[in-house]
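Worksheet: one structure, shown below.
Source: prediction; values computed, not measured.
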Amino acid sequence: MAKGFYISKNMGLAGLLMGAVAVVIIIALAAVYDKEKTKNQNKPVDGVAMLTTASPTTSSTLSTPKDPWEHYRLPDSLSPVSYNITLWPRLVVNASTGLYIFTGQSAVVFQCKKDTDLIVIHCNKLNLTLLNGHHARLTGLDGATAPTVKTSWLQVKTEYLVIQLNGKLTAGKSYRLSTDFQGELADDLKGFYRSEYTEDGGKKVVATSQMQATFARKAFPCFDEPAMKAVFHITLIHQRGTVALSNGRDVGYTIDGTEVTMTRFEPTKRMSTYLLAFIVSDFDHITGSIENNNVLVRIWARRKAIAEGHGNYALNVTGPMLNFFERYYNASYPLSKSDQIALPDFNAGAMENWGLITYRETALLYDPAISSVGNKERVLTVVAHELAHMWFGNLVTLRWWNDLWLNEGFASYVEYLGADYAEPTWNIKEQTILNDVHKVFAVDALASSHPLSRKEEEVNQPDEISEMFNTISYSKVLYVLEHLLQQGSLCSRTSPTSYLNEFAFNNTVYSDLWDHLQKVILTTPGMSLPHTVHDIMNRWILQMGFPVVTIDTATGHITQKHFLLDPDSVVDRPSPYNYTWLVPIKWMKGGVEREQHWLLQETDRHPPMTTAGSEWVLANLNVSGYYRVNYDMDNWERLLNQLTTDHTVIPLINRAQIVDDAFNLARAKVINTTLALRTTRYLSQERDYIPWESALRNLNYYILMFDRGQAYGVLQGYLKMQITPLFEYFRTITVDWTRVPTGHNDQYNQINAISFACRMGVERCRVLTSDWFREWMIHPNLKTTVYCNAIAAGGVAEWDFAWQMFKNATVATEAAKLRSSLACTKVPWLLNRYLDYSLDPAKIRKQDCTSTINYIAGNVVGMPLAWDFIRARWNYIYTEYGGGSFSFSNLINGVTRRFSTEFELKQLKQFKEDNARVGFGSGTLALEQAIERTTANIKWVAENQEPVMKWLANECT
């Protein structure tokens with residue numbers, strides 16, 4: 001069962017062979033897709049006319065869409081039932097055009113819901129073969145008579161094939177729409193695309209796919225919306241010696257006497273177009289299964305990677321996590337197989353295609369000899385996230401992209417549960433505060449943020465949909481759900497089960513989930529809430545942001561207020577709840593946990609929160625809620641004193657919270673900046689990773705604001721003083737760096753100790769990393785730190801050596817470490833050359849372009865170079881790399897995060913104005929946030945540079 005099986009001609013029916021050959025002949029007549037000429041002309045190719053007619057109307061210039069094909073949402077008159085799709089990707093260049101192409105046929109059966117004389121179906125960048133003079137052929141089914149086609153055209157802007165009929169389709173009747181087409185198998189990482197790699201000295205080509213969110217229409221004409229679920233019958237024609245994969249198990253057969261194989265797959269379950277996957281490669285695999293379940297589990301990758309065991313870890317954790325999720329959801333895995341495949345070129349981290357999950361190599365492959373503990377954890381958490389989707393997202397799917405969090409947020413929530421089950425000693429759930437809550441706080445504290453659930457009319461165009469794939473959709477819901485799912489042990493299990501059972505193979509909106517949560521609470525003895533689930537949760541998902549809760553321990557008074565990083569910013573988005581929330585407060589007093597209190601209005605009084613003597617109050621225990629906490633000054637002083645005298649009395653996660661809250665409250669002018677800095681005094685005694693990482697991330701903001709000015713010297717001096725004890729601690733417990741710390745988080749903190757010590761100028765650290773680099777004897781955990789610091793301290797010779805090692809790297813995680821470290825050089829012309837390399841796919845893969853530019857921008861020397869680079873080439877970057885790319889927002893955020901001067905703000909606004917016609921795609925919101933963040937940075941530096949310098953100078957004397 002390793003690769004599935006084929007039925008040879010001798011075992012098959014003659015009719016199957018004849019039919020297969022006929023399909024091959026028909027598809028072979030299809031014309032080669034020429035992406036340049038198809039924009040403007042109809043050119044016969046191999047005797048077949050290729051129609052690329054634009055809309056006969058000019059109404060697309062109107063500000064308000066008038067006709068159905070001018071809207072980005074499909075009409076509700078038709079609903080797909082099933083597709084029969086045959087695709088033939090050519091893995092060699094077409095001699096006449098110099099392009100890689102694919103040809104295909106599709107027949108979609110749909111039911112008419114409302115009488116209509118119009119068919120609107122998605123189609124993008126496909127050349128359609130004329131069938132009786134039109135783009136498609138329409139057939140009536142089950143006695144229905146199909147009207148003839150009056151005219152048809154491609155509506156390029158809204159990515160539709162539009163077919164006007166001479167009569168009306170009848171409600172309740174079924175029809176079949178057939179198309180023949182061809183497209184370019186491009187390297188653009190969208191739809192049906194091409195990935196390339198080198199193995200055994202030769203170039204190899206993979207045909208693969210990425211349909212989410214709006215790219216299935218680039219592979220075949222389809223109703224490309226998540227609610228338009230259907231059953232898919234997939235057939236792939238491919239070169240002999242290659243393997244074809246799709247969502248279902250193959251039930252295919254070989255065509256003897258030809259150079260191609262036709263592989264058919266079992267029909268899919270009823271599913272959305274964005275979950276489809278087609279892959280043709282010569283990859284190899286390893287096999288496993290789910291315990292007590294006849295489900296085939298396979299890990300696919302390059303042959304060399306499989307032979308060297310790089311897929312073993314992913315296979316070892318997949319089975320246990322699938323078993324865990326089956327128990328958690330109380331529902332069997334819905335499919336007959338679970339394939340996971342590592343691709344050399346892939347834009348996202350991974351994609352939850354149902355039955356065929358696709359990954360970047362760094363997210364699925366792990367080589368214990370080369371990869372770090374961070375790489376291993378990355379594989380674990382990404383695999384857990386994607387497997388969680390097999391139920392939440394795939395079995396039950398959002399109705400529209402404005403509720404993306406229904407898919408991604410819940411998968412993010414349970415990913416930690418699955419990962420913790422597979423690696424229980426890692427305490428991985430502790431890291432949610434770093435990986436999720438602190439990360440999303442930074443975005444959601446801006447006036448330009450957005451609610452978890454946006455109005456449908458705000459999310460229509462492909463770029464607007466891509467914008468939804470952001471930190472808020474993925475991470476905010478973890479702690480919003482935590483409010484409810486931790487109210488009782490049954491709530492987190494029974495409600496998803498009933499929700500999944502009722503809506504299996506269908507679509508939902510957020511209120512459906514609330515209904516099921518409410519049912520569980522009402523039927524569970526001893527479980528109650530102060531308001532309904534709808535009342536509580538809608539405040540968290542229908543309004544953006546979060547509150548800062550202020551507790552006065554002298555009086556017991558509690559207040560809440562919408563927290564904004566820039567208190568002077570203007571919130572334009574209205575809130576139906578006036579930016580107030582129903583807040584569950586878990587808290588302790590004097591080190592003892594107390595009964596949870598609900599803050600149900602803007603102000604409240606809770607007498608148990610008053611203190612006497614040295615008692616202190618700590619709220620948001622273990623950061624179980626999505627809010628920040630402020631206290632009266634006396635309570636702050638008592639907390640700081642506790643950190644200094646015995647920090648272990650305060651829970652680990654809350655030590656990280658105290659630092660993060662203090663620094664962000666200071667940026668928002670809620671507390672004094674020096675109070676925030678005082679939370680770092682105790683760090684010389686801290687040895688745990690979570691608080692240190694929280695502190696370093698917040699201190700990094702000070703570094704970004706000051707590393708180009710006079711304040712940096714005294715800041716570096718103070719931080720050097722604080723990091724040195726941690727550096728010496730790890731030198732001691734590792735016996736002068738000869739051993740690896742045993743604890744999972746201790747290994748992370750060793751990396752912090754060395755990396756930050758080198759960054760702050762600890763001489764022993766610089767000597768250590770330079771020696772390791774010269775000897776090329778580096779533990780995998782420390783490679784990124786050593787590479788970066790050695791390249792930063794070196795010159796051309798070190799950079800060229802690392803570049804050569806990058807080019808020779810055969811393990812993706814090793815290549816990624818070298819690629820990021822090459823940006824650490826302080827030599828400007830090397831950085832400029834590296835920027836040029838980033839746009840050369842022969843040197844840097846397209847999937848890595850934007851992150852490479854961001855790495856360079858993270859270097860204080862490289863930041864202005866990267867900014868000049870993207871401004872000068874924005875039109876090319878946007879056109880070539882696609883505004884719909886999820887990484888465009890990361891690019892804008894990364895390059896501008898150091899901006900803190902009026903000149904930079906002026907440049908940023910000018911950049912927005914100059915490129916308004918080009919557009920910013922999925923980075924549109926990120927650009928607005930960059931302007932808001934830069935404005936806040938300017939104010940912060942002006943107000944805080946002098947007092948910060950004074951405080952740091954006093955601490956260093």
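Between the Q543 side chain and the T580 main chain, a donor and an acceptor come within less than 3.5 Å of each other. With hydrogens and angles ignored, the 3.5 Å screen pairs a side-chain donor or acceptor of E326 with a backbone N or O of Y333.
The aromatic rings of Y83 and F232 lie parallel to each other, their planes meeting at an angle below 30°, with 60° marking the opposite boundary. Note: H389 and H385 have perpendicular aromatic rings, judged against thresholds of 30 and 60 degrees for the angle between ring planes. By the 30° and 60° cut-offs, the orientation of the rings of F546 relative to Y626 is perpendicular. Between W405 and Y510, the ring planes lie tilted relative to each other; the angle falls in the 30° to 60° range. In this structure, F410 and Y328 have tilted ring planes: the angle between them lies in the 30° to 60° band. Ring planes of F325 and W391: tilted class, angle from 30 to 60°.
Using a 4.5 Å heavy-atom cutoff, the side chains of V571 and Y579 are in contact. Contact annotation: the side chain of I163 approaches that of L177 to within less than 4.5 Å [non-hydrogen atoms, C-beta and beyond]. In this structure, the side chains of C123 and L128 come closer than 4.5 Å at one or more pairs of heavy atoms. Residues D403 and L406 are in side-chain contact: their nearest non-hydrogen atoms beyond the backbone lie under 4.5 Å apart. Between N347 and K190 there is no side-chain heavy-atom pair separated by less than 4.5 Å. C112 is listed as a side-chain neighbour of Y175, based on a closest heavy-atom distance under 4.5 Å. Side-chain contact between E458 and N402 is absent, with no heavy atoms from C-beta onward closer than 4.5 Å. Contact annotation: the side chain of I465 approaches that of T214 to within less than 4.5 Å [non-hydrogen atoms, C-beta and beyond].
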### Message
Please determine whether side chain to side chain donor-acceptor pair (under 3.5 Å) holds for the pair S152 and Q164, giving the CA-CA distance in whole Å, both sets of side-chain angles, and the decisive distance to 0.1 Å.
### Response
CA-CA 6 Å; S152 62; Q164 287 187 327; over 6 Å; no
### Task
Check the pair R176, N84 against side chain to side chain donor-acceptor pair (under 3.5 Å), reporting the backbone distance first and the verdict last.
CA-CA 10 Å; R176 178 170 53 240; N84 275 277; over 6 Å; no
### Message
Determine whether N353 and T358 satisfy the following criterion, side chain to side chain donor-acceptor pair (under 3.5 Å), listing intermediate values before the conclusion.
### Response
CA-CA 7 Å; N353 312 303; T358 45; 2.9 Å; yes
### Task
Just do the side chain to side chain contact (heavy atoms under 4.5 Å, CB included) check on H562 and W581 with the steps written out, would you?
CA-CA 9 Å; H562 182 195; W581 292 262; 3.9 Å; yes
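A side-chain donor from one of S336 and E266 sits under 3.5 Å from a side-chain acceptor of the other. A donor and an acceptor atom, one from each side chain of H534 and D515, are located under 3.5 Å apart. For the residue pair D535/T532, the side-chain donor-acceptor check at 3.5 Å is satisfied. Donor-acceptor pairing under 3.5 Å is lacking for the side chains of Q111 and S79. N538 and W514 share a side-chain donor-acceptor pair at under 3.5 Å. A donor atom on one side chain and an acceptor atom on the other are not found under 3.5 Å apart for Q155 and K157.
A salt bridge links E928 with K912: the closest approach of a Lys/Arg side-chain nitrogen to an acidic carboxylate oxygen falls below 4.0 angstrom. Residues K337 and D339 are paired through a salt bridge, judged by an N-O separation under 4.0 Å between the basic side chain and the carboxylate. Remark: E464 does not engage R454 in a salt bridge, criterion side-chain N to carboxylate O under 4.0 Å. Classification of E225 and R73 as a salt-bridged pair holds, one side-chain N sitting under 4.0 Å from a carboxylate O. A salt bridge links R399 and E456; the closest N-O separation between the charged side-chain nitrogens and carboxylate oxygens is under 4.0 Å. In this structure, D76 does not pair ionically with K113, as no charged nitrogen and carboxylate oxygen lie closer than 4.0 Å.
A salt bridge (Lys or Arg N to Asp or Glu O under 4.0 Å) check over residues 502-511, counting only residues at least two apart or in different chains, returns nothing. For residues 435-449, every residue pair satisfying the salt bridge (Lys or Arg N to Asp or Glu O under 4.0 Å) rule, not counting sequence neighbours, is listed here: D444-K476.
Put simply, the residue from W401, F215, W400 that forms a ring pair (Phe, Tyr, Trp, His ring centres under 6.0 Å) with Y274 is W401.
You'll find the ring centres of F920 and Y878 outside the 6.0 Å limit.
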